[in-house]
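What follows is a single structure, written as C-alpha cells, with notes after it.
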Amino acid sequence: MTTTAALSAVLVIGFITYVSRAGLILVLSQRELPDAVTAVLRNVGPAVLSALVVTILAGGGDLGDVDLTNVAGVVVAGVVAWKTRSLVLTLLAGMTVIWTLTALL
Amino acid sequence: MTDLSEGSSLTDIIKRACLDAFPVYVPAIPFAIVVGIAINDSAMPRWVGILSTPVIWAGSAQFATISLAGSASWLTLVLTGAIINSRHIMYSAAISPRFADQPRWFRWFGPYLLVDQVFAMIDQAPELSGRVLRRYYLSIGAFFFVAWHLFVAVGLFAGTAVPDSWQLGAAPAIMFAGLAIFGATRKPAVVAVVVAAGVSALTLQLPNRLGLLVGAFAGVAAGWFAEQRYQQKVEPADDTSEPTT
C-alpha cells in the first residue's frame, strides 16, 4: 500500500469518525428535544453497549465462532454487575469464571 | 453515580475521574497491545499506522483499518472504518442534551474524546452538569487518550509480553456487559439490552459488523415500545385526568 493511499485513508476515516461523534452534538445540543426523542435516546447507551458485547464475543465471526466459556464469563459478570454495581467485582467474577472453566474443560 | 458536586475542586474532579476510569480502562489494555502489534504487521507504512492512533482514536475501526490495509481497496478500508464507527452517531445524539450549557470550544473539542468508555461513563453520571461535567469529561477523556497510546506503544515495542493463556481478549466484553447492566436501571432499558444482544447475535453474519448497528437499533426501538407500555402502566391516573374533547 502506498504512503499516499494509507495516509489519505487514515485521515478520511479520522474525519468521518469525528463528524459522527460531533455532528449531532453540534446540531442538537442548542435545541430543546421533544419528549418522544428523549425517550428514544434514553436507551441508546445500554442498547449499543449490549450489541457491542455480542460483537466482541464473536470476534468478527458468526454465532458458531462464539466461545461458550467467554459467554459463561459474561453472563456471570452480568449477574454480579446487577447485584453489586461494581465494575471491579464484575471484571474479577467474569475472568475467574473463564479461567476456571478453561482449566476444568 | 459520582460523589462530585458544583463545589468540587479541579483536583477532586481529576482524582475522581481517574479512579472511575481506571477499572473501565484495564480491560482495554490487551486490545491496545494487540493494536500495537497489528501496526507492526500492517501493510501500511509504520509511521502512518502509528499516526492512525490519535487520528482515528477508536480501537475497533483503527484495528480493522490497519489489518485490512494491503488486502482491501482504499474504498473498502474507508467504508469499513466508517461503518464500524457509525455507532458514535447514536452516542452523539444521546449525549447532546448534556452539551446544551457548555461553551462552544467544548462542544467542538469534546466529541473528539467520545470513545465507547467515555460515553458509557458520562451516560451513567446524569447528575453532572456545567463546569463539573466538563472537567470530569475532559479528565476521563485525557486518561483514556494517554493510557491507550501508552499501551499501543507497549504493543509496538514489546508485543508478545502478554501470554495468550491469560485470555484477556474477553475482558472488554465483560466490561461493556457490566456497563450495559449499570445503565439498565429501568424496565425499558432492560428490554433494550436483551433485544439488542439477541438481534446482534442473530445478525452476526452481516458484513462489516453491521449486526452491531442492526442490534443496537432493534434494542433502542424495543426500549421505546417498552417505554410507552411502561408509562401507560405507571401513570394511568394522569391519563384519566386529561379533559376529553
Side-chain angles (χ1 to χ4, degrees), chain A residues 1 3 5-14 16-18 20-26 28-30 33 38-63 67 70 73-74 77-78 81-82 85 87-88 90-91 94-95 98-99 102, chain B residues 23-24 27 43-45 48 52 55-56 58 65 69-70 74 77-78 81-82 85-90 92-94 96 99-100 107 111-112 114 120 123 167 170 172-181 183-184 188-189 192-193 196-197 200-201 204-205 209 212 215-216 219-220 223-224 227:
Chain A
M1 187 173 208
T3 302
L7 184 59
S8 58
V10 165
L11 292 176
V12 170
I13 294 169
I16 292 172
T17 303
Y18 175 75
S20 64
R21 285 172 177 160
L24 292 180
I25 288 176
L26 293 170
L28 298 178
S29 64
Q30 296 299 292
L33 295 177
T38 311
V40 170
L41 296 179
R42 198 178 290 157
N43 298 319
V44 167
V48 179
L49 295 175
S50 175
L52 204 51
V53 170
V54 175
T55 310
I56 293 172
L57 283 175
D62 60 24
L63 212 49
D67 184 335
N70 291 344
V74 167
W82 183 266
R85 322 293 297 172
L87 196 57
V88 175
T90 300
L91 188 60
M95 290 311 297
I98 291 171
W99 290 327
T102 305
Chain B
V24 180
M44 279 185 178
V48 178
S52 70
V55 171
I56 298 178
T65 306
W74 186 92
L77 273 191
V78 171
N85 275 346
S86 52
R87 68 186 181 283
H88 292 111
I89 297 172
M90 300 176 86
S92 181
S96 63
F99 280 71
R107 292 203 302 273
Y112 171 69
L114 192 60
D123 195 44
Q167 295 181 287
I174 290 172
M175 180 200 65
F176 285 123
L179 292 171
I181 299 285
V193 164
S200 300
L204 278 171
Q205 74 280 8
R209 300 189 181 190
L212 165 62
V220 171
W224 183 78
E227 191 88 48

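Letters A, B, ... mirror the listed sequences (proteins, then strands); counts begin at 1.
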Could you check if a side-chain atom of P27(B) sits within less than 4.5 angstrom of a side-chain atom of L91(A), using non-hydrogen atoms only?
yes
Flag side-chain contact, heavy atom, 4.5 Å: V10(A) against M44(B):
yes
Check: I174(B) and N70(A) side chains under 4.5 Å, non-hydrogen atoms
no
Among A6(A), S20(A), G14(A), who wins on heavy-atom pairs under 4.5 Å with chain B?
S20(A)
Which answer fits V12(A), side chain, backbone, both or neither, if we ask what part of it has an atom under 4.5 Å from a heavy atom of chain B?
side chain
Main-chain N/O of V193(B) paired with S50(A) side-chain donor or acceptor, under 3.5 Å
yes
Would the distance check show the side chain of R21(A) and the main-chain N or O of Y112(B) forming a donor-acceptor pair, the cut-off being under 3.5 Å?
yes
Best-contacting candidate, L57(A), I13(A), T102(A), T90(A), against chain B by heavy atom pairs under 4.5 angstrom
I13(A)
Work out which heavy atom in S8(A) is nearest to a heavy atom in W74(B); give both atom names and the distance.
OG-NE1, 2.9 Å
Residues pairing under salt bridge (charged side-chain N to carboxylate O under 4.0 Å, His left out) where one sits in residues 39-48 of chain A, two or more places apart or in two chains, turn out to be R42(A)-E227(B)
Nearest 0.5 Å please: distance from the CG atom of L49(A) over to the CG atom of L179(B).
6.0 Å
Please rank L11(A), D67(A), L52(A), D62(A) by heavy-atom pairs under 4.5 Å with chain B and give me the top one.
L52(A)
Could you tell me the separation between the OG1 atom of T55(A) and the CZ atom of F176(B), rounded to the nearest 0.5 Å?
10.5 Å
Pairwise distance CG(L24(A)) to CE(M90(B)) - rounded to 0.5 angstrom
11.0 Å
Minimum heavy-atom separation for I56(A) and A173(B), please, with both atom names.
CG2-CB, 4.0 Å
Atom of I25(A), atom of P111(B) and distance for their closest heavy-atom approach
CD1-CG, 3.9 Å
Heavy-atom contact with chain A under 4.5 Å, split by part of S52(B)
both
Could you look at I98(A) and say if it's the side chain, the backbone, both or neither that has a heavy atom under 4.5 Å from chain B?
both
If you tally heavy-atom pairs under 4.5 Å between each of G219(B), A180(B), G215(B) and chain A, the highest tally belongs to A180(B)
When you measure from the side chain of W224(B) to the backbone N and O of V40(A), does any donor-acceptor pair fall under 3.5 Å?
no
Select, from A77(A), G45(A), G94(A), A51(A), the one with the greatest count of heavy-atom pairs under 4.5 Å involving chain B.
A51(A)
If I measure from the heavy atoms of chain B, does L26(A) come under 4.5 Å with its side chain, its backbone, both, or neither?
side chain
Out of A197(B), A184(B), G223(B), return the one with the most heavy atom pairs under 4.5 angstrom to chain A.
A197(B)
Note: vs chain A, highest number of non-hydrogen pairs under 4.5 angstrom among A196(B), A94(B), S92(B) is S92(B)
Choice from A82(B), G183(B), A189(B) maximising heavy atom contacts with chain A below 4.5 Å:
A189(B)
How long is the straight-line distance from CD1 of I16(A) back to NE2 of H88(B), given to the nearest 0.5 Å?
13.5 Å
From CA spacing to verdict: side chain to side chain donor-acceptor pair (under 3.5 Å), T17(A), N85(B):
CA-CA 6 Å; T17(A) 303; N85(B) 275 346; 2.7 Å; yes
State, to 0.1 Å, how close S96(B) and L28(A) come at their nearest heavy-atom pair, and which atoms those are.
OG-CB, 3.6 Å
